[in-house]
Structure formats: C-alpha cells, structure tokens
Amino acid sequence: MRRHPRRGEAGREVTTPSVKGAEVGRRIGVGLMYGLWKPRVLGAWKVPASGPVILAVNHSHNIDGPMVMGVAPRPTHFLIKKEAFIGPLDPFLLGIGQVKVDRSGTDRTAITQALDVLSAGGVLGIFPEGTRGEGDFAALRAGLAYFAVRSGAPIVPVAVLGSSEKRGRLIKGLPPLRSRVDVVFGDPFEAGDGSGRRTRKALDEATERIQKQLTAHLENARRLTGR
C-alpha cells in the first residue's frame, strides 16, 4: 500500500490500496476461478478501459467477489467486511489492495480509502446490498450512491449467476467444481442527476435510479444466460 498524507479515525494514518496489489489479486483470481469453475463472461468490454469506475455486484455467494476480481478486465479493489480479515487472510487481502470495512458504524478510514481508489482512476467493487442474500438487488444501502455521486465515477452493473444454484459434492460451501458461473457486465451509467448535489434527498434519488438500473440489468442478464 502507498502511504497517504491524510489521517482517518483516531488519527490513524490512511493508506491508499495498492494498484499493483490489486493486479496480483486479479491474476490469482484468474488462476483460481478458471481452474476450479467455468466462468462465462459477457460484456466485459463495457467496463471503461481507464478512469474511475464502480462495479456494482449482486451477492448471493462468497465466491462472487473473487469471481469478479478474476474475470474483470481491470484490477479491482473491493469493499469487504472486516469479519473476512481473519488470521492470514488479513495481510493477504490488504496486500492485494482490498478495503476493510467496519459495518458497525461509519468507517471513515474505509470511506477515505475507497474515494482514494476512485480519485486515482481505479476500479472500486461494491456489493450494494451490503451483505450476502438473494443477490437480486432488492435492498440497496446508500453507500453506492454516496461513492458514485461524490466521485462522479460511472457505475457498471455486474450480475453473477449460478454461484448459488447448487452445492458441491466435495466442498458443500462451494458451487460444484467445473460448473458454469455466468458473469454479465452491463452498460455504465451515471448515478447523479448532473447537479452535483450531495444532499440526503439527492442521494435518496440516486439510490432509486441505481436500483432501477441494477434490477433491469439483472433481468436482462437472466434472459441472456437462461438462468
């Protein structure tokens, strides 16, 4: 990680997630995801080749994040709950440029790091539902709207389908080995209304726009893939 001059909560020095680390994570993801399953990737060309981007990913299984990291055309920094950073996973996830988030309150350090990723022209991955569930974008938290409106970065909707359809016979917590998992990238869109407003009302309106876009993309992805 690169040192950043600002300080977060309790005066702690804030570090900017490493782009090189995220690229290492992407290469690891490529090997694991294509080695263990059969990803079918649609629309990856829709991800802007440069500049800040937010990937908004549905979340129904623990492999969804690593799957997107492995198949996305650019290295991605995901916002990940701090509970995942246990034991050796803590230095590993930080080393590959991921952002640790404390969901019990407003984690200003994580917010600063996420905005740093975008201000540096990087790719930020977010599960807008906040936690693993049905993966249908039915309930969105306001965080995605905040980052999109604050940074001005376009949002690319991403639908991961097939990761939670069946349990593996060898490892019950994972999809069957060599099974197909579809990852569908959608068209980028702006969350804001062009006014630059960041009021609560503006963020609420942005969240509504985002939910409509993400829901429509998921429906389209299901039609495309037959899932």
### Query
Any donor and acceptor pair, going by atom type alone, linking the side chain of Asp64 with main-chain N or O of His61 inside 3.5 Å?
yes
### Task
Starting at CG of Leu218, measure out to CG of Asn58 and round the result to the nearest 0.5 Å.
6.0 Å
### Message
I'd like to check Val24 versus Ile28 (side-chain heavy atoms, cut-off strictly below 4.5 Å). Are they in contact?
### Response
yes
### Atom pair CG (Leu94) and OG (Ser18), whose distance is rounded to the nearest 0.5 Å
11.0 Å
### Query
Mind checking whether Val184 and Tyr34 sit in one hydrophobic cluster, side chains of I, L, V, M, F, W, Y counted as touching below 4.5 Å?
no
### Message
For residues Leu32 and Leu174: do they belong to one hydrophobic cluster (side chain heavy atoms under 4.5 Å, members Ile, Leu, Val, Met, Phe, Trp, Tyr)?
### Response
yes
### Query
Could you walk me through whether Val160 and Val57 pass the side chain to side chain contact (heavy atoms under 4.5 Å, CB included) check?
CA-CA 7 Å; Val160 182; Val57 186; 3.9 Å; yes
### Query
Is the closest side-chain heavy-atom distance between Pro39 and Met67 below 4.5 Å?
yes
### Message
Run Leu79 and Phe147 through side chain to side chain contact (heavy atoms under 4.5 Å, CB included) and show every step you take.
### Response
CA-CA 12 Å; Leu79 287 170; Phe147 287 121; 3.8 Å; yes
### Message
Please determine whether side chain to side chain contact (heavy atoms under 4.5 Å, CB included) holds for the pair Val123 and His77, giving the CA-CA distance in whole Å, both sets of side-chain angles, and the decisive distance to 0.1 Å.
### Response
CA-CA 6 Å; Val123 181; His77 307 266; 5.6 Å; no
### Query
Do Val158 and Val183 come close enough that some side-chain heavy atom pair is under 4.5 Å?
yes
### Query
With the 4.5 Å side-chain cut-off for hydrophobic clustering, are Leu89 and Ile80 part of the same group?
yes
### Query
Is Leu144 close to Leu214 at the side-chain level, that is, under 4.5 Å between some pair of heavy atoms?
yes
### Message
Do Leu224 and Phe189 sit in one hydrophobic cluster, given that two such residues count as connected whenever their side-chain heavy atoms are within less than 4.5 Å of each other, even indirectly?
### Response
no
### Message
Heavy-atom count check: over 12 atoms from other residues, nucleotides or ligands less than 6.0 Å from Lys82 NZ?
### Response
no
### Message
Could you go through Leu42 and Asp182, starting from their C-alpha distance and side-chain angles, then the distance that decides it, and tell me whether this counts as side chain to side chain contact (heavy atoms under 4.5 Å, CB included)?
### Response
CA-CA 8 Å; Leu42 303 175; Asp182 292 322; 5.8 Å; no
### Task
Write down the atom of Gln98, the atom of Met69, and the distance for their closest heavy-atom approach.
NE2-CE, 3.7 Å
### Single-linkage hydrophobic cluster, 4.5 Å side-chain cutoff, Leu115 and Ile155 together
yes
### Query
Going by heavy atoms in the side chains, are Met33 and Pro66 under 4.5 Å from each other?
yes
### Message
Could you tell me if the side chain of Phe78 sits less than 4.5 Å from the side chain of Leu55, heavy atoms only?
### Response
no
### Message
Can you tell me if Arg40 has over 12 outside heavy atoms packed within less than 6.0 Å of its CZ?
### Response
yes
### Query
Can you name the nearest heavy-atom pair linking Glu190 to Pro154, along with the distance?
OE2-CB, 3.9 Å
## Note on the structure
Note: Asp187 and Pro157 closest approach over all heavy atoms is O-CD, 3.4 Å
### Close side-chain approach of Glu83 and Lys100, heavy atoms under 4.5 Å
no
### Neighbour count >12 (heavy atoms, 6.0 Å) for atom CZ, Arg178
yes
### Message
Do Val53 and Arg74 have side chains that approach each other closer than 4.5 Å (heavy atoms only, starting at C-beta)?
### Response
yes
#### Entry: Minimum-distance pair of heavy atoms, taken over all atoms of Ala72 and Phe185
CA-CZ, 3.9 Å
